[in-house]
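Lettering follows sequence order; numbering is per chain, from 1. All values derive from a computational prediction rather than experimental measurement.
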Protein chains: 2
Amino acid sequence: MYNPRNANTSDRMTAPIIVDTAEAEVLRALRLRGRISRTEISNITGWSKAKTSQEIRGLVDKGYLVDVGEGASQGGRKPRLLRLNNGLGYVIGIDIGATSLELALADVGGRILQRRYETTDVRLKPEIVLGRCRELIGEMLDAQGSRPGQMLGIGVGVPGPVDFARGVLVAPPLMPDWQDFPIRDFFKEFFPSVYVVVDNDVNIMALGEQRTGDGANVDHFIFVKIGTGIGAGIISNGKIHRGSDGCAGDIGHICVDKDGPICRCGNSGCLEAMAAGPAIVEKAIQAAQNGSSPLLSQMREANGGILRPEDVNAACREADQAALEIIRSSGQMVGDVLATLVNFFNPSHIFIGGGIANFGNHLLVSIRQAVLRRSLPLATTRLSINFSRAGADTGITGAVALASEYLFMVEDGLHYSF
Amino acid sequence: MYNPRNANTSDRMTAPIIVDTAEAEVLRALRLRGRISRTEISNITGWSKAKTSQEIRGLVDKGYLVDVGEGASQGGRKPRLLRLNNGLGYVIGIDIGATSLELALADVGGRILQRRYETTDVRLKPEIVLGRCRELIGEMLDAQGSRPGQMLGIGVGVPGPVDFARGVLVAPPLMPDWQDFPIRDFFKEFFPSVYVVVDNDVNIMALGEQRTGDGANVDHFIFVKIGTGIGAGIISNGKIHRGSDGCAGDIGHICVDKDGPICRCGNSGCLEAMAAGPAIVEKAIQAAQNGSSPLLSQMREANGGILRPEDVNAACREADQAALEIIRSSGQMVGDVLATLVNFFNPSHIFIGGGIANFGNHLLVSIRQAVLRRSLPLATTRLSINFSRAGADTGITGAVALASEYLFMVEDGLHYSF
DNA sequence: TTGACTTTGTCTTGAAATTGAACGAAGTTC
DNA sequence: GAACTTCGTTCAATTTCAAGACAAAGTCAA
């Protein structure tokens with residue numbers, strides 16, 4: 001195991017672009033709109049036209065903003081629209097899953113320009129997995145014809161509890177070798193001028209939903225990932241709620257049945273052990289064996305004795321009763337837990353994502369039913385529960401968003417603008 | 001029932017004292033410390049000594065701040081300490097419980113100067129209960145020798161879900177007649193220049209814990225009230241989390257046993273129906289009847305056939321096994337729910353308050369055990385679970401804190417300073 | 001006691017930040 | 001095509017702010 005005493009983990013994140021408070025406000029206004037005129041910025045910030053004009057000239061001179069032509073007239077002279085200079089450089093998003101590795105190279109506006117996908121095993125040593133990430137980053141930069149210094153930031157999502165301030169994993173059940181491994185420094189060694197942000201995989205999905213999905217402008221929502229494990233990303237007041245130890249949202253090990261099967265965490269009857277991907281497969285195999293589902297049995301034989309969650313999904317589409325019951329039961333367990341969380345947290349939206357998220361409406365309906373049955377009416381009348389539209393892309397989108405989140409930093413070091 | 005169409009509910013709260021951004025910063029620094037020198041304010045705000053001096057002169061001239069003499073020397077000239085001018089006026093805190101009414105008159109610094117306590121029945125019409133509050137406020141002001149205009153704000157805590165922005169109760173199970181009743185306007189009619197803030201009773205307890213209890217400087221905590229009902233106040237990032245409909249923290253109706261007794265909310269096996277005061281009494285009566293606790297039986301006879309939660313508590317102190325088991329079982333149910341919430345929210349502290357909160361360590365120990373057994377180690381290693389030190393005073397303290405919370409308002413109307 | 005050194009708070013002054021108003025450019029509307 | 005709008009810049013006037021000088025009050029050690 002990695003020895004943390006040898007690590008030189010940098011507790012302080014450094015952003016590549018330092019701006020002053022006024023510039024940060026312009027950038028914040030910019031993010032609200034995407035493309036924006038000077039007059040609009042003046043209205044949003046409350047500054048005089050003179051100051052706004054001057055501030056923007058500074059930002060354009062530094063190359064952070066570019067003029068992108070005229071906008072529609074409001075009854076007078078057409079405004080000149082500005083946006084972030086995409087030529088400023090690139091950011092990298094990395095989504096590390098239990099069995100896969102996904103990377104994207106994007107411009108500072110968050111538009112993805114290149115992607116890489118590979119299968120891997122996260123139980124391997126971090127040097128191996130992250131080393132491969134470094135290689136792939138190099139590949140993408142080369143393909144982009146990038147000059148040194150054009151890569152500005154890296155956002156990494158990992159499937160385990162993260163101490164966000166230090167950027168390390170803490171007691172990750174899935175990947176014990178990663179405990180306290182200084183992910184940030186590992187990348188910084190190769191790309192010294194780049195800042196690196198590490199977060200939980202579900203948190204980045206929530207961030208992705210907020211930035212590029214239906215979570216925009218939603219104050220309070222929960223993003224639930226159902227895949228090999230189950231986890232939640234919490235947006236409270238428009239910001240990720242990480243809790244006091246950075247492990248908020250770890251709902252996979254909530255107890256749903258005291259007499260349930262033993263989970264890998266040691267307890268019995270955890271939500272994850274009863275409703276996530278492996279549990280679904282397990283039940284499907286039983287159904288295939290005991291003859292209650294000839295279809296699943298047939299699929300299993302065709303697959304060489306193996307069943308995957310996708311097969312159960314396919315069986316659902318064929319209206320296979322056993323498969324439907326498996327999914328319905330998973331949805332109900334997830335929904336029962338969510339009902340508790342809805343009463344407690346009162347979000348306006350719940351987004352479901354992860355590998356199981358494409359399982360069509362059977363899953364969604366049973367989740368909704370369970371939540372509505374057990375939550376307070378006041379909390380559910382305006383509650384929306386839906387799949388994340390970004391689907392399988394939510395993770396990588398969020399990783400890119402995480403990277404661009406900390407691109408600009410206010411000089412006092414306390415507040416992040418973007 | 002009150003007809004909301006006739007109401008003229010003012011959606012916008014108006015604070016009696018409007019300050020500019022700079023003044024608000026001084027007041028914020030003041031709240032951090034209580035009494036503070038100009039130099040300290042200069043350090044906290046980052047302003048030059050000149051600006052600080054000038055800003056404070058303005059606040060002293062307006063009468064908001066007063067000089068309270070010299071502080072201890074730091075090796076040179078003694079600083080002159082400033083604090084909020086308590087002579088500025090009074091605030092009123094009102095804590096409305098299911099069966100009781102508690103009011104306090106405090107100075108703007110939150111120091112309670114007078115108190116009133118009465119039993120009532122909250123199921124009565126709001127005009128009756130709130131009318132009595134108005135009378136008691138008048139009494140206290142008279143006793144204080146107050147001039148008109150000296151009362152600045154009222155903070156009201158009510159036992160039900162509150163739409164905080166509008167200051168009205170929404171679908172309150174305990175008090176249906178209060179639905180949409182314009183509490184704010186009811187007081188404003190009598191005290192026109194006063195602002196009124198209404199919030200859930202548990203939220204104000206959380207606020208009280210944050211202001212005058214052990215919750216100071218704690219970023220994320222949950223305040224759990226166990227009394228006639230069970231509810232939670234959530235502090236996320238130092239602020240009350242009210243959720244998207246204002247009903248966050250309503251954990252009393254989380255299901256702990258699908259086959260449990262019917263709750264007044266209509267569902268079965270709610271935490272509140274199984275572990276709160278009435279359930280404890282119910283179990284105690286059974287124990288008294290079936291002979292498993294001679295002590296409880298004896299107490300019941302002495303009380304004229306009635307048992308109260310306090311009696312069960314007293315029996316616990318006498319090591320009565322049946323009583324201990326009742327409390328242990330309540331604690332475990334509360335703890336099981338809290339375990340879920342700890343995994344989800346990852347607070348660093350949980351404070352237990354309400355009528356059952358004086359039940360000594362038996363309750364606390366069983367809650368702790370249940371939480372530790374079912375929560376993630378990472379979330380519990382630094383978690384503290386304790387009774388609220390303020391005890392029975394947390395509610396009224398919080399109501400006063402709520403009133404003083406919105407005493408000063410920044411002129412842009414968006415940010416509250418204090 | 002005395003003299004050197006600190007801390008606190010005020011005041012003055014010059015520099016920097018910010019605004020208001022004027023103005024030209026560019027469009028719309030009737 | 002005249003009158004009115006909107007957009008953005010320029011420049012002088014004003015406001016804001018910080019640095020530094022200074023006086024007051026106090027500590028500390030010889």
Atom pair distance, as rounded to whole Å: [atom1] in [X] and [atom2] in [N]:
X      : N       : atom1 : atom2 : answer
E40(A) : dG8(D)  : CD    : C1'   : 14 Å
R38(A) : dA26(C) : CZ    : P     : 14 Å
I36(A) : dG8(D)  : CD1   : P     : 11 Å
D20(B) : dT15(D) : CG    : C1'   : 14 Å

| message | The test is side chain to side chain contact (heavy atoms under 4.5 Å, CB included); show your working for D219(A) and S348(A) and say whether it passes. | response | CA-CA 8 Å; D219(A) 283 337; S348(A) 62; over 6 Å; no
| message | Between S388(B) and E209(B), do the side chains contain a donor N or O and an acceptor N or O under 3.5 Å apart? | response |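 Distance-only check passes for E209(B) and S388(B).
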Using atom names, set out every protein N or O paired with an N or O of nucleotides 27-29 of chain D below 3.5 Å, distance rounded to 0.1 Å.
{"residue": "dT27(D)", "atom": "O4'", "partner": "G75(B)", "partner atom": "O", "Å": "3.4"}

| said: Tell me whether the rings of F221(A) and F351(A) are parallel (<30°), tilted (30 to 60°) or perpendicular (>60°). | reply: perpendicular
| message | Counting neighbours of NZ on K239(B) that are heavy atoms of other residues, nucleotides or ligands and sit closer than 6.0 Å, is the number greater than 12? | response |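 Incorrect, the count does not exceed 12.
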| With ring centroids as reference points, do H349(A) and H220(A) lie under 6.0 angstrom apart? |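 Not close enough - the centres of the two rings lie 6.0 Å or further apart.
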| Between OG1 of T52(A) and CD1 of I44(A), what distance do you get to the nearest 0.5 Å? |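 With rounding to 0.5 Å, OG1 (T52(A)) is 10.5 Å from CD1 (I44(A)).
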| query | Listed by chain and number, what are the salt bridge (charged side-chain N to carboxylate O under 4.0 Å, His left out) partners of R115(A), not counting sequence neighbours? | reply |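 R115(A): salt bridge (charged side-chain N to carboxylate O under 4.0 Å, His left out) contacts with E102(A), D393(A).
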| task | Using a 4.0 Å heavy-atom cut-off across all strands, classify E70(A) as base, sugar-phosphate, or nothing. | result |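 The residue E70(A) makes sugar-phosphate contact but no base contact.
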At a cut-off of 3.5 Å, list every protein nitrogen or oxygen paired with a nitrogen or oxygen from nucleotides 19-23 of chain C, distance to 0.1 Å.
{"residue": "dT19(C)", "atom": "OP2", "partner": "S48(A)", "partner atom": "N", "Å": "3.4"}
{"residue": "dT19(C)", "atom": "OP2", "partner": "S48(A)", "partner atom": "OG", "Å": "3.0"}

| note | Note: V400(B) and A106(B) closest approach over all heavy atoms is CG1-CB, 3.6 Å
| query | Under the 3.5 Å rule, do the base of dT6(D) and the side chain of R77(A) count as making a donor-acceptor pair? | reply |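 Side chain to base: no pair present.
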| Side chain of R57(A) (C-beta onward), nearest among dT8(C), dT10(D), dC7(D) | dT10(D)
